[in-house]
Amino acid sequence: MKQAEDIVASVGIPSQPAIMMEINDEINNPNSDLQSVSEIISRDVATAAKLLKVINSAFFGLGEKVDSIQRALSLMGLQNFKKIILSSALREAFCSKSSGSEKFWKHSMQTATIAARIAEKVGYNPLDQAYIAGLFHDCGVPLLMKKFPDYHEVTDYALSVVGADSLTGKTKSVIVVEDERYNIHHCALGHLVAKSWRLSDAVIQVILYHHYVDIDCHKDPSVRKLSAILFLADYLAAYLLYLSGGSPIDSEDEWAAMHKQVVAELEFEIEDIKDLKDEAEEQLYNFDEH
Ligand SMILES: [Fe+2]
Ligand SMILES: [Fe+2]
């Protein structure tokens, strides 16, 4: 972890925008209400504009023009609002114009959306934690891209959970490849980012271990479940990446054989995984979220 901290010091963890931190604290405060959150948003022109743009977008299809912050928040819900501004903060702080960066962003949004869908299916609560874990799980990747000019050789592999290792010709975990090349892996870096951005303890933990197949490393049952959700979401998102020309991945039978603990934790059959894969392919393959 010392190495991770040194790299973080040399790359610099993008800091969470102050407004984001303030909003997050207010949303997590049990005494908060729409009015108190609205007041904070009203003081930040960019966030207020973003909220109104999203609520008036075709996605919400309201058929009325909303120009009040409080009304926009009540229509959208605080948890949805939190997801939207966290996504936007992640993109602004970590992404550049490079193609690797675009792939990272797409993979993050797809993993987040699929993780929320799985969480809903298995009745995991709080639902938004699954989305946030998916969104941030690979945020160490753009930091490695920025720090090491040759990291682009690893990007596709890092974003595909399982697959033939095109760098060595053998199947090898991406964290081993990263450790060998850079003495650091993206899970350790992502873990530090998650801590710095004050994400929940469960999210911080699952990011650190998201390439460790043994989910029993998590003692808390709720964290173990979140970890299982993230594993499956990451695999399904890697499948979508493969469809757009990324590294090949294992079939669901091969994957389930390697991830017995995950499948058991979610109480899924192979058919459930196949259904989720079809659903993701239908809804997200051409996904282009901005
Ligand atoms: Fe990863
Ligand atoms: Fe991933």
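Along the sequence shown, the residues carry numbers beginning at 1. One-based numbering, in listed order, for ligands and for the atoms of each.
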Handout entry: Residue pairs passing the salt bridge (Lys or Arg N to Asp or Glu O under 4.0 Å) test where at least one lies in residues 131-149, sequence neighbours excluded
Key = none
Fill in the blank from the handout: For NE2 in His186 and NE2 in His211, the angle at the Fe ion (ligand 1) (nearest 10°) is 90°
Practice task
Have a look at Asp138 and say which of its N, O or S atoms is nearest the Fe ion (ligand 1).
Solution key: OD1
Problem - His210 ring center near His191 ring center (under 6.0 Å) - result: no
Handout entry: Side-chain ion pair, Lys121 and Glu279, N-O less than 4.0 Å
Key = no
Exercise for the section: Please determine if Lys83 and Asp128 form a salt bridge, counting it only when a charged side-chain N lies under 4.0 Å from a carboxylate O. Expected result: no
Completion exercise
The atom name of the N, O or S atom in His137 nearest to the Fe ion (ligand 2) is NE2
Problem - His210 near the Fe ion (ligand 2): N/O/S under 2.8 Å - result: no
Could you go through residues 15-27 and list every donor-acceptor pair under 3.5 Å that involves a side-chain atom there, pairing it with any protein atom two or more places apart or in another chain?
residue, atom, partner, partner atom, Å
Glu22, OE2, Arg43, NH2, 2.5
Asp25, OD1, Arg198, NH2, 2.9
Asp25, OD2, Arg198, NH2, 2.9
Glu26, OE2, Ser36, OG, 2.9

Problem - Asp234 backbone or side-chain N/O/S under 2.8 Å from the Fe ion (ligand 1) - result: no
Handout entry: N/O/S from Cys187 sitting under 2.8 Å away from the Fe ion (ligand 1)
Key = no
